[in-house]
Amino acid sequence: MNNKKSKVIKTAAAAAAGLFVAGVLCSCAPLYGKVGEMMESAAGLGREKVAETREERNVGQWPFGETRETAVAYSGPEDGEWDDEQDDMKPYEPFGVTLNESDGNYWFNGKPLAGLRDEGYNTMTCGIFAEVGAFVFVERNGNGNITRVYETDLKSFEDACGMTGLETSTEQRAEEMGYAFHRENGTVKDMDRKEFSVFETKLHAKYRNENAVVQVDDYVFWFDKNDQMELSSFCASSASRYGAKVYADYAIADEIDISRLDDEKTDQVIFDVLKANPESDKPGIGRQIKKAIAQAYGISENYITVEVDELG
């Protein structure tokens, strides 16, 4: 289960969240595609990497004499930006700044990273987490080696960076963007990928009819009412000249427990349709996939959108 978001909305939301760009590392964008919160920095950094590739064999003849079908979930790094950002964060990892695989953000001391100040090297902020996250200072010795990474308070961080505005509340940021603001109980820090995905998706389903910012105990989500939920990876099989990906309206939560949705199961349904209908045309493949997904989960086809692409 993923969120399909508008790039314009994502960029605007991150900018409104109080993104400050300076130094070498300049982004607060989440990196994990299989869970929802997909903000981008105004600078366009931190694209998500290929999240997962699954291959299954014995379907048909693939080029170069190999048989396979493949499901790939990604939003794709652009110009190596993700690799650059990840490399820039590596020096801090031994000191407690870690990439949380469940939500795709950097965390410190049990909190999402709201800001990091490594004077002369890197400065980054993510204002969306200003109320719930950690502001961090980096100390180096005379040789330029990191000796300490520690949490500080917001005012000290702003003073050191020569900036203001991070004290703006999440609610005020939401209001400035024209988003509704809601508070919910809950913590995400100990969740695995599946748990985080289900938690986020249920919140998004609850507030699906509005552009909304939802703040929980240790995290903040931005939801756009035009988003769709990703039910699958992009699936391509050597048995067909088409590949497909499936989305659903968040109103699907009215018919099914979101936790029952399984992208691997959905991928397999798509593969089965592609394999069973090698001569079908593009509209036919779409109709058959939609019908098969609806039957697999016992839901109405009206909630489902299938995007079919012809493989080059």
OG1 (Thr201) and CG (Leu261) are apart, to the nearest 0.5 Å, by 8.0 Å

So Phe95 and Val97, side chain to side chain contact (heavy atoms under 4.5 Å, CB included) or not? Walk me through it.
-> CA-CA 6 Å; Phe95 298 88; Val97 178; 5.8 Å; no

Inspect the contact between Glu310 and Lys282 and indicate whether a charged nitrogen and a carboxylate oxygen are less than 4.0 angstrom apart.
-> no

What's the spacing between Leu113 CG and Thr98 OG1 if we round to 0.5 Å?
-> 9.5 Å

Is the number of heavy atoms from other residues, nucleotides or ligands under 6.0 Å of Lys155 NZ greater than 12?
-> no

In this structure, which one of Thr152, Thr123, Val138, Thr125 forms a side chain to side chain contact (heavy atoms under 4.5 Å, CB included) with Arg117?
-> Thr123

Is any side-chain heavy atom of Phe234 less than 4.5 Å from a side-chain heavy atom of Asp309?
-> yes

Looking only at non-hydrogen atoms, find the nearest pair between Ala296 and Val269 and report the distance.
-> CB-CG2, 4.1 Å

Say you draw a straight line from CG of Asp88 to NZ of Lys90; how long is it, rounded to the nearest 0.5 Å?
-> 11.0 Å

Lys/Arg-Asp/Glu bridge criterion (N-O < 4.0 Å) met for Asp217, Lys189 = no

Which heavy-atom pair separates Glu131 from Arg183 by the least distance, and what is that distance?
-> OE1-NH2, 4.0 Å

Reference residue Phe221; test ring-ring contact (aromatic ring centres under 6.0 Å, His included); the match among Phe196, Phe181, Tyr207, Tyr179 = Phe196

For atom CD of Glu119, is the number of surrounding heavy atoms from other residues, nucleotides or ligands below 6.0 Å larger than 12?
-> no

Using the side chain to side chain contact (heavy atoms under 4.5 Å, CB included) rule, take Phe108 and Leu116 through it: C-alpha gap first, then chi angles, then the decisive distance, then the call.
-> CA-CA 10 Å; Phe108 182 82; Leu116 180 144; over 6 Å; no

Residue pair Tyr106, Met124: steps toward the side chain to side chain contact (heavy atoms under 4.5 Å, CB included) verdict | CA-CA 11 Å; Tyr106 288 100; Met124 61 84 71; 5.9 Å; no

Closest non-hydrogen contact found for Asp249 with Ala251 is OD1-N, 2.7 Å

Do Tyr297 and Glu255 come close enough that some side-chain heavy atom pair is under 4.5 Å?
-> no

Could you tell me whether the side chain of His204 reaches within less than 4.5 Å of the side chain of Asp224, counting heavy atoms only?
-> no

Please state whether the rings of Phe157 and Phe135 are parallel, tilted or perpendicular, taking 30° and 60° as the class boundaries.
-> tilted

Distance from Leu203 atom CG to His182 atom NE2, nearest 0.5 Å?
-> 10.5 Å

Using the ring of each side chain (for Trp, its six-membered ring), is Tyr219 parallel, tilted or perpendicular to Phe129, with breaks at 30° and 60°?
-> tilted

Pair Glu176-Gln172, side-chain hydrogen bond (donor to acceptor under 3.5 Å, both in side chains): steps then yes or no | CA-CA 6 Å; Glu176 291 171 354; Gln172 183 176 338; 3.2 Å; yes

Should Asp218 and Trp107 be marked as a side chain to side chain contact (heavy atoms under 4.5 Å, CB included) after you check the CA-CA gap, both sets of side-chain angles, and the distance that decides it?
-> CA-CA 11 Å; Asp218 57 2; Trp107 285 58; 4.2 Å; yes

Where do Glu264 and Asp262 come nearest, in terms of heavy atoms and distance?
-> N-OD1, 2.8 Å

Are there more than 12 heavy atoms of other residues, nucleotides or ligands under 6.0 Å from atom CD of Glu175?
-> no

Roughly how far apart are Ser240 OG and Ile285 CD1, rounded to 0.5 Å?
-> 4.5 Å

Look at Glu101 together with Arg193 and state whether they make a salt bridge at an N to O cut-off of under 4.0 Å.
-> yes

So which heavy atom on Ala244 is nearest to which on Ile289, and how close?
-> CB-CD1, 3.5 Å

Approximate separation, where rounding is to 0.5 Å, of Ile304 CD1 and Thr266 OG1 = 9.0 Å

